There are 2 protein chains.
Amino acid sequence: MMADTRGPRDAQPTLRDVAERAEVSAMTVSRVLRDDPKVAPATAARVRTVIAELGYRRNEMARSLRLGSGTGLVGLVVTNLANPFYSRLALGVDSVLAQHGLKSVIGNTGQDLDSERSLVQDLVARRVDGIIAVPADADQRHLAAAAAEGVPVVLASRPPSDFAADCVLVDDYGGARSATERLLAAGHRRIGFLGSPPTVYTSIERLRGYADALADAGIGAEPAYIRQGQQQTGEAARAASELLDLPEPPTALFCSNNRNTIGAFRAIRRAGTTTALAGFDDFELADALGLPLTIVAYDSDELGREAGRLLATRIRDGSVRSATRRTVVPTTLVHYGTSGSTAH
Amino acid sequence: MMADTRGPRDAQPTLRDVAERAEVSAMTVSRVLRDDPKVAPATAARVRTVIAELGYRRNEMARSLRLGSGTGLVGLVVTNLANPFYSRLALGVDSVLAQHGLKSVIGNTGQDLDSERSLVQDLVARRVDGIIAVPADADQRHLAAAAAEGVPVVLASRPPSDFAADCVLVDDYGGARSATERLLAAGHRRIGFLGSPPTVYTSIERLRGYADALADAGIGAEPAYIRQGQQQTGEAARAASELLDLPEPPTALFCSNNRNTIGAFRAIRRAGTTTALAGFDDFELADALGLPLTIVAYDSDELGREAGRLLATRIRDGSVRSATRRTVVPTTLVHYGTSGSTAH
DNA sequence: CTGTTAGCGCGTTCAC
DNA sequence: GTGAACGCGCTAACAG
């Protein structure tokens, strides 16, 4: 017999509260909210007055439950929102989803597979209308399960493994390859590689692009020049320093993401060498480092927008099982010099 | 007589589906889910098997509707997620909320009051358990309305106007003041100010700190040295250039946020002057610009975490009407030189 | 034009 | 131990 602890004005009013006060049935209020023309103007006006007086707001959750329609919520699972790349992606996703009346529930996994798993399960339990994810790992069984239960899944930046889903990728291979080719064209023969853990798809592809470019130039990839696993700029700087300290150090470095590029930049500046630098992912102030820098750039907003579009289409069409689509966002090679920049 | 368009395996199974297949009542399944000990072990085992077979997941939305408990969702309203400041804030919020079993629904307003308004209304309609917002404007009636309806509101970075709410602020005044004092101590007498629009609280406070520091040094604030309204680095650079082109240009610039600091940096480098630079908000690579730089730094993650804590407390205690709390996050003055950095 | 009945998926109360 | 009834807030279908 616990008394209701909420004060009378604490609880948000329900449709019934409005109905009683307006002296009509709940149905009539419901119709007014739906702008159903079959309500007498006078009645509708009275109901609207009461709605305003009470500050009534329809409970969208209850509504979606009744309608069997979706919740209007989309899960967005990223590895690290603090990375500008992912925040831009999130922004792109959000901008497109907003146009479709969808809101994004964001979740940060910190590259941790367990977090990702429980996050996805929670999103499914909350009955999101779809999920956009940047999977942390090749183990994507939780995402596959969600997809199997009829929740549309779109992957960003990394492809699905062992299940079918739409995805938006970056031209990892091509971008890495052309950046490396540029270094080769500049006469470099000893080119180092710095990248994130080799379990990540993007890292694998970018390494492949790098290695193929070298191979085409008749240069075998030198394992001693390849350092993988650095996630933060600090680790990256250390790895770069190790390469620069080699008896026969590389004369150029290619970095598979902006964490590594920034780390490498710091190492080069400290070492005082003239090592050439190229990297994947653009970043702010890349033009202001006072070092020539070749960057593989791409539009991460667009990556998000495209993911949003793919998902919105799935949701609208309810086409859970139609053919899977894959989009690849192109890359551009940008050269930042010691003064200004030139797109290429 | 429209047939159900969903295939049999499309829909997520309900508690009843589990009950039928396990040949028990819905109630028993419900009990198993709640780990109610009053279920025969054998029955429980059978139910659990079916749950696994069907991949059943409880509908959290329906559950929260029935329980009258919250939705477990929190609205997070920011002005620009692409700004690292806000993405870190979001991350901080999310990390704390996650510990309380809450998820954040994110919304980006792009500093647009109308978007903010509709966003907040939508969040309330979705029955979020609370809202954390970085309000775009002094007009916060929509937030006040939400609070009045019993939805806990916490403001970050800017204080509530015309209503009561918890908030987490940065020491805008003190930070700006000490940075300006530092420039004064270095001998500067003509110090320019670059800031965002004067409608924003943080901008007002930071200007005040700047002006008071000057006043204490017996220097009147010179209107010609004050440029407000720049939101992006491009505009900021132009404004800075205008100051540098003055017949008697300032010998130092203080910038009220990192957009303006970066813009000013570019202008100074282009002009080739030795203008001293100080700014609010730390940013990556601030140490690598090859220019002495004084930065008012603070922990934006912590700002988010504190906001999350305040909100979580409100939600847990249901203390919608207890006294309002205000936290101020301290700032630190950091000096980046042409080689390395020193905290101060 | 308006109200009544029924039920979305779930959980509480109270019987058996 | 288990189940039937009832209701959370809302709305489609069917009366009147």
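Source: prediction; values computed, not measured. In what follows, chains carry the letters A, B, and so on, assigned in the order in which the sequence lines appear, proteins first and then strands, with residues in each chain numbered from 1.
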Give the rounded distance in Å between these two atoms: [atom1] of [X] and [atom2] of [N].
{"X": "A:Leu67", "N": "D:dA13", "atom1": "CG", "atom2": "P", "result": "11 Å"}
{"X": "A:Arg34", "N": "C:dC1", "atom1": "CZ", "atom2": "C1'", "result": "17 Å"}
{"X": "B:Asp36", "N": "C:dT12", "atom1": "CG", "atom2": "P", "result": "10 Å"}
{"X": "A:Leu54", "N": "D:dG9", "atom1": "CG", "atom2": "P", "result": "14 Å"}
{"X": "B:Ile51", "N": "C:dC10", "atom1": "CD1", "atom2": "C1'", "result": "13 Å"}

For [X] and [Y], indicate whether the former's side chain and the latter's backbone hold a donor-acceptor pair under 3.5 Å.
{"X": "A:Asp129", "Y": "A:Val74", "value": "no"}
{"X": "A:Glu116", "Y": "A:Ala136", "value": "yes"}
{"X": "B:Asp17", "Y": "B:Thr14", "value": "yes"}
{"X": "B:Arg127", "Y": "A:Gln12", "value": "no"}

What pairs with A:Arg48 under salt bridge (Lys or Arg N to Asp or Glu O under 4.0 Å), at least two apart in sequence or on another chain? A:Asp35
Hey, what bend do you get for the helix from C:dC1-D:dG16 to C:dC16-D:dG1 if you fit axes on five pairs at each end, rounded to 10°?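 The angle separating the two end axes equals 50°.
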Can you measure from CD (B:Glu60) to CG (A:Asp122) and round to the nearest 0.5 angstrom? 7.0 Å
When you measure from every atom of DNA chain C, which of [range] have a heavy atom less than 4.0 Å away?
{"range": "residues 15-24 of chain B", "result": "B:Leu15, B:Arg16"}
{"range": "residues 25-33 of chain A", "result": "A:Ser25, A:Met27, A:Thr28, A:Arg31"}
{"range": "residues 56-63 of chain A", "result": "none"}

Mind checking side-chain contact (heavy atoms from CB on, under 4.5 Å) for [X] and listing every partner two or more places apart, or none if nothing turns up?
{"X": "A:Asn108", "value": "A:Val78, A:Leu81, B:Leu91, B:Asp94"}
{"X": "B:Val96", "value": "B:His100, B:Arg305, B:Arg309"}
{"X": "A:Val105", "value": "A:Leu73, A:Leu123, B:Lys103, B:Val105"}
{"X": "B:Asp139", "value": "B:Leu113, B:Arg117, B:Asp137, B:Arg141"}

If you assign B:Arg66 and B:Lys38 each to the DNA chain D nucleotide with the nearest heavy atom, which residue ends up on the more 5' nucleotide?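 Going by which nucleotide is closer to the 5' end, it is B:Lys38.
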Tell me which donor-acceptor pairs under 3.5 Å the side chains of residues 21-31 of chain A have, and how far apart each pair is, sequence neighbours excluded?
residue	atom	partner	partner atom	Å
A:Arg21	NH1	A:Glu53	OE1	2.2
A:Ser25	OG	A:Met27	N	3.3
A:Ser25	OG	A:Thr28	N	3.4
A:Ser25	OG	A:Thr28	OG1	3.4

Mind checking ring pair (Phe, Tyr, Trp, His ring centres under 6.0 Å) for B:Tyr86 and listing every partner two or more places apart, or none if nothing turns up?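 Partners of B:Tyr86 by the ring pair (Phe, Tyr, Trp, His ring centres under 6.0 Å) criterion come out as none, since no residue qualifies.
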Could you note down all residue pairs passing salt bridge (Lys or Arg N to Asp or Glu O under 4.0 Å) where residues 157-169 of chain A supplies at least one of them, sequence neighbours left out? A:Asp166-A:Arg314
Mind checking if A:Leu65 touches a base, just sugar-phosphate, or nothing, with heavy atoms under 4.0 Å?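 If one applies the 4.0 Å heavy-atom cut-off, A:Leu65 turns out to touch a base.
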Between B:Ser64 and D:dC8, does any side-chain N or O lie under 4.0 Å from OP1 or OP2? no
